[in-house]
Amino acid sequence: MGKRLSFMVVSLGMLCWSLNLKAEPLVPALYIFGDSSLDVGTNHFIPETQSRADFKPYGIDFPNGEVTGRFSNGYNLADEIAMLLGFKMSPPPFLSLVQRQNSTKHFRRQILNGINFASGGSGLLHETGQKRYNRVISLEEQIQQFATVRRNISVHLKSTADARIKKSIFLFSIGSNDFFDLYFFNNYTVTETMRQQKLHEKLKNYGARKLAVLSISPLGCLPRYRLNPTECNKELNTISFAFYTTLKGILQNLTLQFPEIKYSLGNSPFLSCFTMIFPQVIGFENSTSPCCGDLTRFVSCHPDSKVCGNRTAFFFWDQVHPTQAVCELAASKFFSGDSLHVSPINLSELVRAS
Ligand SMILES: *[C@@H]1O[C@H](CO)[C@@H](O)[C@H](O)[C@H]1NC(C)=O
Ligand SMILES: *[C@@H]1O[C@H](CO)[C@@H](O)[C@H](O)[C@H]1NC(C)=O
Ligand SMILES: *[C@@H]1O[C@H](CO)[C@@H](O)[C@H](O)[C@H]1NC(C)=O
Ligand SMILES: *[C@@H]1O[C@H](CO)[C@@H](O)[C@H](O)[C@H]1NC(C)=O
Ligand SMILES: *[C@@H]1O[C@H](CO)[C@@H](O)[C@H](O)[C@H]1NC(C)=O
Ligand SMILES: *[C@@H]1O[C@H](CO)[C@@H](O)[C@H](O)[C@H]1NC(C)=O
Ligand SMILES: *[C@@H]1O[C@H](CO)[C@@H](O)[C@H](O)[C@H]1NC(C)=O
């Protein structure tokens with residue numbers, strides 16, 4: 001009996017091991033929309049944009065130290081979330097597929113597994129970032145790009161397309177640049193803009209059912225906007241927390257109107273504040289200065305910048321973006337955290353929701 005039981009345990013172990021080897025992603029596809037927090041190289045394919053991270057030392061901790069256009073020392077939030085969903089990293093930028101459309105087969109396969117539309121410097125409002133950076137792809141335009149992809153998916157999959165999209169995750173992180181551009185941007189502007197654009201209704205009509213939304217971090221504590229190393233800009237932080245409350249209201253309203261839509265809303269202000277107030281508890285020694293660049297404000301990370309030695313000890317990679325270590329932590333809280341970090345359900349629950 002004992003022998004038989006241990007044989008069964010061993011077989012079960014082997015089975016799990018072999019299942020693990022061929023692990024399939026938890027969802028059919030991941031479609032990503034947003035700003036530099038999720039951009040994995042979109043802006044690299046926009047020659048005229050000035051919102052770029054496609055030079056060293058960006059990517060210093062990416063496999064082979066590759067410069068990809070990510071606003072990070074390594075992987076970013078899009079990659080970390082994609083990995084938790086069982087993908088190798090974030091799906092590629094839409095523009096990389098369009099501009100390298102030498103292989104239609106590759107394009108077809110990729111659009112079924114996911115695409116990343118996020119563009120650094122972009123915002124909820126179409127005009128956000130356009131003057132400052134010369135050209136960025138706004139959320140509205142990103143959703144138009146998805147509309148094209150959506151038609152391609154229907155052409156390829158015919159009647160099974162809807163079921164696939166229904167189970168896929170639509171990830172969003174955007175809003176910071178609207179505040180940077182328009183300091184007085186307020187709740188009213190956000191809600192009014194979102195109401196007028198009807199982006200959520202478009203998404204719903206394209207078949208999106210599972211929305212994963214990350215709110216903005218406390219902007220007043222970013223190195224660029226801090227008053228000094230020990231003091232955050234309270235006014236900007238108040239706006240950041242209000243934005244979370246507004247997003248929560250919009251999403252609650254959306255599900256009242258369309259009960260078939262499910263969402264996870266990540267409470268980024270809570271997570272970031274907790275981390276910044278108690279950095280040592282979570283393992284960050286330095287949560288005030290950027291790892292890349294000097295302490296002087298407004299001096300961005302550039303090719304000649306000094307880079308800190310221990311990058312896992314720093315919260316900020318540059319003046320506004322977190323390090324890979326922070327992205328990894330934030331993604332794990334979003335995926336499996338409790339209601340303080342993500343509500344009404346976490347991402348792992350969103351994946352399983354029917
Ligand atoms: C498509 O072009 C890119 C460069 O533009 C190249 O890296 C890639 O290997 C090409 N793919 C095929 C299938 O030819
Ligand atoms: C995708 O759709 C667009 C227009 O809807 C079309 O021009 C393009 O050829 C399609 N691409 C593929 C690979 O089917
Ligand atoms: C934004 O809306 C939230 C909730 O409706 C409210 O608590 C907050 O005070 C508002 N903030 C501003 C700046 O209007
Ligand atoms: C939610 O819907 C109610 C009722 O239609 C409306 O008064 C409120 O402004 C909406 N809230 C948001 C954040 O859109
Ligand atoms: C963070 O790093 C900067 C630059 O290396 C340094 O000047 C500052 O004292 C550090 N802060 C803490 C709390 O260690
Ligand atoms: C780097 O920082 C992390 C987090 O503070 C720490 O655990 C690790 O030991 C440090 N590594 C080195 C080489 O100092
Ligand atoms: C979040 O996810 C984890 C792991 O997937 C689960 O055990 C947990 O109960 C979830 N929900 C909450 C509210 O913590």
Side-chain angles (χ1 to χ4, degrees), residues 16 20 23-27 30 57 60-61 72-75 80-87 167 169 171 210-215 218 221-232 248 251-252 255 262-268 270-302 304-354:
C16 290
N20 229 349
E24 285 287 313
L26 302 176
V27 291
L30 173 61
I60 188 171
D61 296 315
S72 168
N73 56 312
Y75 290 117
E80 296 292 347
I81 290 172
M83 285 183 222
L84 290 171
L85 292 172
F87 296 94
K167 287 192 221 138
I169 297 284
L171 173 65
K210 297 189 175 188
L211 313 182
V213 184
L214 287 156
S215 189
C221 294
L222 302 182
R224 185 188 284 165
Y225 298 99
R226 274 178 175 275
L227 302 177
N228 58 57
T230 57
E231 207 182 339
C232 298
K248 202 169 168 178
L251 288 167
Q252 278 167 350
T255 48
K262 305 271 184 291
Y263 70 91
S264 296
L265 173 60
N267 192 345
S268 318
F270 174 83
L271 177 64
S272 308
C273 272
F274 181 77
T275 313
M276 282 183 241
I277 296 166
F278 308 106
Q280 285 82 7
V281 176
I282 309 196
F284 294 101
E285 284 156 24
N286 198 318
S287 58
T288 53
S289 297
C291 168
C292 176
D294 47 51
L295 270 174
T296 322
R297 291 162 75 202
F298 306 119
V299 176
S300 310
C301 177
H302 58 86
D304 305 320
S305 296
K306 231 178 66 198
V307 172
C308 67
N310 186 355
R311 291 180 286 277
T312 55
F314 272 68
F315 189 95
F316 291 104
W317 161 244
D318 65 12
Q319 297 280 351
V320 289
H321 303 104
T323 52
Q324 172 182 304
V326 170
C327 293
E328 192 182 333
L329 176 70
S332 77
K333 296 286 180 202
F334 190 45
F335 188 76
S336 55
D338 59 27
S339 56
L340 283 177
H341 299 100
V342 51
S343 64
I345 53 175
N346 60 34
L347 187 55
S348 69
E349 293 164 322
L350 183 67
V351 165
R352 289 196 301 269
S354 53

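Source: prediction; values computed, not measured. As the structure lists them, so they are numbered: ligands from 1, and atoms in each ligand from 1. Throughout, numbering of the chain's residues begins at 1 and tracks the sequence.
Using modelled atom types, one side-chain atom of S348 and one backbone atom of F335 make a donor-acceptor pair closer than 3.5 Å. The backbone N or O of A353 lies less than 3.5 Å from a partner atom in the side chain of K210, making a donor-acceptor pair. Put simply, the side chain of Q324 never gets that close to the backbone of N73: no donor and acceptor are under 3.5 Å apart. With hydrogens and angles ignored, the 3.5 Å screen pairs no side-chain donor or acceptor of S215 with any backbone N or O of S268.
Inclusion of N286 in the set of residues having an N or O under 3.5 Å from an N or O of ligand 5 is warranted.
Heavy-atom contacts of F314 reach the following atoms of ligand 5: 2 (O) (cutoff under 4.0 Å). In the vicinity of S289, heavy-atom distances shorter than 4.0 Å reach the ligand 5 atoms 1 (C), 2 (O), 3 (C).
Scanning for ring-ring contact (aromatic ring centres under 6.0 Å, His included) contacts around F334 gives an empty result, with sequence neighbours left out. Take N267 and apply the side chain to side chain donor-acceptor pair (under 3.5 Å) test, not counting sequence neighbours, and it matches no residue. Scored by the side chain to side chain donor-acceptor pair (under 3.5 Å) test, D304 finds no partners at all (sequence neighbours excluded).
Within 4.0 Å of ligand 7, protein heavy atoms belong to S336, G337, D338, N346, S348, E349, listed by chain and number.
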